[in-house]
Peer 1: 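Take a look at this one; I'll ask things after.
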2 protein chains.
Amino acid sequence: MAPFYIEQEKFFLSVDCIILGFTKGKLYLLISKRRFEPLKDRDTLMGGFLRSGENLEEAVSRVLYEYTGIKDVYMEQVGTYGKINRDVGERVISVAYYALIDLELFDDELCKKHHARWEELDKIGELIFDHNQMVDDTIAILRSKAAIQPLGFNLLPEKFTLPQLQSLYEAIYQTTLDKRNFRKKILGMDFLEKQPDKDKSTSKRGAFYYRFNKEKYDQLCRKGYYFSL
Amino acid sequence: MAPFYIEQEKFFLSVDCIILGFTKGKLYLLISKRRFEPLKDRDTLMGGFLRSGENLEEAVSRVLYEYTGIKDVYMEQVGTYGKINRDVGERVISVAYYALIDLELFDDELCKKHHARWEELDKIGELIFDHNQMVDDTIAILRSKAAIQPLGFNLLPEKFTLPQLQSLYEAIYQTTLDKRNFRKKILGMDFLEKQPDKDKSTSKRGAFYYRFNKEKYDQLCRKGYYFSL
DNA sequence: GCAAAAGTGTTAGGTGTACACCCATGA
DNA sequence: TCATGGGTGTACACCTAACACTTTTGC
């Protein structure tokens with residue numbers, strides 16, 4: 001490549017990850033302690049600087065793997081934050097991505113190693129820079145997307161129960177849903193597969209497992225079908 | 001500021017603008033000819049490099065003003081495009097914003113000066129780099145947002161008629177709407193103010209002008225009201 | 001046998017959608 | 001007077017939301 005743009009300025013670019021997990025009816029955010037100056041040891045999202053050999057998504061995957069030990073995570077761009085003084089060190093433009101992970105796959109050892117912790121989403125304290133804003137923007141996106149796309153399944157294990165799924169939606173929308181209406185709607189969509197076995201960890205009777213069938217869902221979409229709540 | 005991050009790499013950052021206008025029942029995109037190498041003279045979105053003294057939105061406003069002569073435009077971030085080889089010159093990470101402008105305010109002289117032109121949205125040819133992708137992403141966002149937020153008014157003059165407004169929504173969603181149902185719904189929302197005068201440019205009878213009352217709309221929102229289509 | 005969570009149908013009210021005719025005016 | 005686009009009301013189907021009791025089983 002010829003140096004076409006030499007007269008232009010260059011900038012530091014980072015990626016920040018809003019890593020969400022779900023368990024026991026609550027959404028959790030992975031928070032870490034910043035490892036370097038400025039603002040060393042303050043609460044921060046997982047992040048890292050972009051390197052010249054990688055795409056944005058690759059940088060996010062790298063950071064994600066480093067902090068969680070998980071690969072192949074569902075992620076989406078939240079937006080880019082570029083205010084001149086957002087970083088108190090030097091000017092850094094940051095691209096935020098959120099990731100939804102299944103907490104059962106999560107490596108607790110890595111968590112300790114990075115001084116990272118899962119914090120309840122509605123009890124998050126002050127994070128550095130504009131990281132709280134990034135979290136808020138993520139929640140807004142999650143709410144609007146989860147209603148029209150089956151995003152939530154990324155936060156659950158492969159096999160999950162309907163009460164679990166319902167409590168996930170209740171956590172996302174901070175509301176309570178009618179059990180009967182919820183089941184009617186979600187089962188009417190025809191892309192959940194009932195499994196023969198039950199989860200007996202939360203009740204004596206046990207709740208049947210279901211599985212999200214992506215093929216069926218995609219097939220329905222191609223026929224002009226629309227998911228909605 | 002101390003040089004905290006010296007060991008990190010820096011990148012070129014640009015902003016690209018998807019500028020949309022609406023007139024005569026159709027959406028138009030402002031397209032320009034690239035003024036420098038590489039790919040000089042090819043069709044491109046309006047764009048420019050970020051400078052160290054400005055926020056992202058300021059860079060967009062600068063580019064927008066330069067090409068259209070308009071200030072105070074409604075704009076939103078579309079996303080950030082950072083693939084390693086997206087720019088054939090050198091690596092450039094680009095933040096895309098869309099802007100909705102009222103074509104009546106538009107300066108045709110500037111258009112000619114910049115070899116820019118309004119192209120019908122569904123007749124856009126090949127643009128440089130990933131600019132077609134940016135346009136597609138914009139349309140997707142516009143469709144999902146216009147249904148739940150009164151965005152469309154940014155594309156119309158202050159005073160507009162209901163047939164105009166309806167044809168705007170028809171253009172955004174590539175569909176036809178029932179006149180009676182549309183009027184019932186939109187007037188039921190109570191933030192359109194009927195004006196005493198008519199637009200007689202499209203019919204002999206003339207259509208009453210309306211005005212979008214942002215105060216009323218905000219007030220309704222605060223009461224938990226939700227706009228929807 | 002009882003506590004605790006899982007599972008199951010019906011109804012009323014509201015919302016979306018389809019549909020056809022009269023009105024005002026300039027030419 | 002006629003052609004053109006602006007404006008109006010109703011009926012039906014569908015979807016949503018509210019609601020209470022039975023089942024299973026470990027203790």
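Nothing here was measured: the structure is a model prediction, and the numbers come from that model. Letters go in sequence order (proteins before strands), and every chain restarts at 1.
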Peer 1: For Leu187(A) and dA6(C), what is the distance between atoms CG and P respectively, to the nearest whole Å?
Peer 2: 14 Å
Peer 1: Taking for each residue the nucleotide of DNA chain D with the nearest heavy atom, is it Lys185(A) or Gly206(A) whose nucleotide lies nearer the 5' end?
Peer 2: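 By nearest-heavy-atom nucleotide position, the 5'-most residue is Lys185(A).
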Peer 1: Taking atom P of dA17(D) as reference, at what distance in whole Å does atom CD of Gln166(A) sit?
Peer 2: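 In whole Å, dA17(D) P and Gln166(A) CD are 14 Å from each other.
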Peer 1: Roughly how many Å is it from CZ in Arg183(B) to P in dC22(C), rounded to a whole number?
Peer 2: 18 Å
Peer 1: Quick one: label Lys184(B) by what it contacts on the DNA or RNA (base, sugar-phosphate, nothing), any heavy atom closer than 4.0 Å.
Peer 2: base
Peer 1: How close or far is atom P of dC21(C) from atom CG of Asp178(B), stated in whole angstroms?
Peer 2: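 Whole-Å distance recorded here is 15 Å.
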Peer 1: Is the number of heavy atoms from other residues, nucleotides or ligands within 6.0 Å of NZ (Lys26(A)) greater than 12?
Peer 2: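 Counting other residues, nucleotides and ligands, NZ of Lys26(A) stays at 12 neighbours or fewer.
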Peer 1: Report yes if the side chains of Leu192(A) and Phe212(A) come closer than 4.5 Å at any heavy-atom pair, otherwise no.
Peer 2: yes
Peer 1: With no hydrogens and no angle check, do the side chains of Gln166(B) and Glu170(B) hold a donor and an acceptor under 3.5 Å apart?
Peer 2: yes
Peer 1: In terms of side-chain heavy atoms of Ala207(A), which of dG7(C), dG7(D), dG26(C) is nearest?
Peer 2: dG7(C)
Peer 1: Can you identify which nucleotide, out of dA5(C), dG26(D), dG6(D), has its nearest atom closest to the Lys204(A) side chain?
Peer 2: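 Closest nucleotide among those given: dG26(D).
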Peer 1: Looking for any heavy atom pair under 4.0 Å, which part of the strands does Lys179(A) touch: base, sugar-phosphate only, or nothing?
Peer 2: base
Peer 1: Measure from CZ on Phe182(A) to P on dA18(D) and round the result to the nearest Å.
Peer 2: 16 Å
Peer 1: Find the distance Asn181(B):CG to dT8(D):C1' and express it as a whole number of Å.
Peer 2: 12 Å
Peer 1: Looking at dG26(D), I'd like to know if its phosphate oxygens (OP1 or OP2) sit under 4.0 Å from a side-chain N or O belonging to Lys200(A).
Peer 2: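 Yes, such a contact exists.
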Peer 1: Please determine whether any donor N or O and acceptor N or O are separated by less than 3.5 Å between the side chain of Arg205(B) and the base of dA24(C).
Peer 2: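 No pair found.
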Peer 1: Relative to the 5' end of DNA chain D, which residue comes earlier, Pro163(B) or Ser203(A), by the nucleotide with the nearest heavy atom?
Peer 2: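 The residue closer to the strand's 5' end, by nearest nucleotide, is Pro163(B).
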Peer 1: Could you state the CG-P distance from Leu192(B) to dG7(D), rounded to the nearest angstrom?
Peer 2: 13 Å
Peer 1: Would you kindly give the CG-to-P distance between Leu177(B) and dC19(C), to the nearest whole Å?
Peer 2: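 Atom-to-atom, Leu177(B) to dC19(C), this comes out as 15 Å.
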Peer 1: Is Asp43(A) salt-bridged to Arg117(A), cutoff N-O under 4.0 Å?
Peer 2: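 Arg117(A) and Asp43(A): salt-bridged.
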Peer 1: Examine Phe153(A) together with Phe160(A) and report whether their ring centres are nearer than 6.0 Å.
Peer 2: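 Under 6.0 Å, so yes.
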Peer 1: Which nucleotide wins on minimum distance to the side chain of Arg180(A), given the candidates dT8(D), dT17(C), dG9(C)?
Peer 2: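 The nucleotide sitting nearest to the side chain is dG9(C).
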